[in-house]
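Only heavy atoms go into these numbers, but all of them, side chains included; no hydrogens, no water, no symmetry mates. Sequence positions, counted from 1, serve as the residue numbers for this chain.
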Amino acid sequence: MKYPILVKKLIKTDFLTTDEVYSNKGKLYTFLNPVSYLDALRNKKLFADFDGIFADGGLLVKAIKILYGTSVERRSFDMTSMAPLLFGHASSHHQNIAIVATKQEPLEKAIQTLRQKYPKLNTAMAILPMKRKWKTRLVNLQK
């Protein structure tokens with residue numbers, strides 16, 4: 001079966017173990033839920049450039065199964081799933097992270113949480129949309 005590019009990326013990424021993802025230096029991954037998947041459909045070229053896309057949502061997983069007959073695992077990027085593993089790995093390997101947020105307040109809360117839970121994390125790049133452009137700043141996560 002020929003899959004659309006986003007579905008192909010979701011299926012291909014599903015075969016990666018968490019350790020493989022964390023050991024692949026210089027790779028760019030993202031997570032899509034049903035709402036962000038609709039945004040991704042409008043920006044296929046941008047999302048095609050990601051090295052991997054994870055399915056973050058039971059509804060998206062079910063839709064792929066129904067529409068394409070293929071099962072993918074739901075992998076969420078929250079503090080009960082992949083996030084603590086990623087931040088722990090980045091902290092112990094002195095790697096940098098990027099935080100993308102749509103509003104200042106959640107961004108500042110995320111930075112505060114990361115500083116408290118992962119004091120050995122290095123610099124993060126904070127990215128916010130500002131007047132149709134993305135504003136970036138470097139944040140030293142170490143106190």
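- Note: the hydrophobic cluster containing Val35 does not contain Val72 (ILVMFWY, side chain heavy atoms under 4.5 Å, direct or indirect links).
- By the 4.5 Å heavy-atom criterion applied to side chains, Phe77 and Phe54 are not counted as neighbours.
- Tested against Ile64, the residues Leu60, Val61, Leu67 include a single side-chain contact (heavy atoms from CB on, under 4.5 Å) partner, Leu60.
- Note: Tyr68 OH to Leu10 CG = 10.0 Å, rounded to the nearest 0.5 Å.
- Side chain of Ser92 to backbone of His89: a donor-acceptor contact under 3.5 angstrom is found.
- Between Ile53 and Phe31 the shortest side-chain heavy-atom distance does not fall below 4.5 Å.
- Side chain to side chain, Tyr118 and Thr113 fail the donor-acceptor criterion of an N or O pair below 3.5 Å.
- Atom NZ of Lys109 and atom CD1 of Ile111 lie 13.5 Å apart (nearest 0.5 Å).
- In terms of modelled atom types and a separation under 3.5 Å, the side chain of Arg75 and the main chain of Ser81 share no donor-acceptor contact.
- When all heavy atoms are compared, the tightest approach of Pro34 to Gly57 is CD-CA, 4.4 Å.
- Sorted by first and then second residue, the side-chain hydrogen bond (donor to acceptor under 3.5 Å, both in side chains) pairs with a member in residues 40-51 read Asp39-Arg42; sequence neighbours excluded.
- For the atom pair CG of Leu32 and CG of Leu38, the computed distance is 10.0 Å after rounding to the nearest 0.5 Å.
- In plain terms, the two heavy atoms of Ala48 and Lys9 that are nearest each other are O-NZ, 3.0 Å.
- For the residue pair Ser76 and Asp78, a side-chain donor N or O sits within less than 3.5 Å of a side-chain acceptor on the partner.
- Between Leu121 and Ala90, the closest heavy-atom pair is CD2-CB, 3.6 Å.
- Between Arg74 and Asp56 a salt bridge is recorded (basic side-chain N to carboxylate O distance below 4.0 Å).
- The aromatic ring centres of Phe47 and Tyr37 sit 6.0 Å or more apart.
- Atom OH of Tyr3 is separated from atom NZ of Lys12 by 14.5 Å, given to the nearest 0.5 angstrom.
- For Gln104 and Glu108, the side-chain atoms include at least one donor-acceptor pair closer than 3.5 Å.
- Within the model, atoms CG of Leu41 and CD1 of Ile5 stand 12.0 Å from one another, a figure rounded to the nearest 0.5 Å.
- Linking Ile, Leu, Val, Met, Phe, Trp and Tyr residues whenever their side-chain heavy atoms come within less than 4.5 Å leaves Ile66 and Leu59 in two separate clusters.
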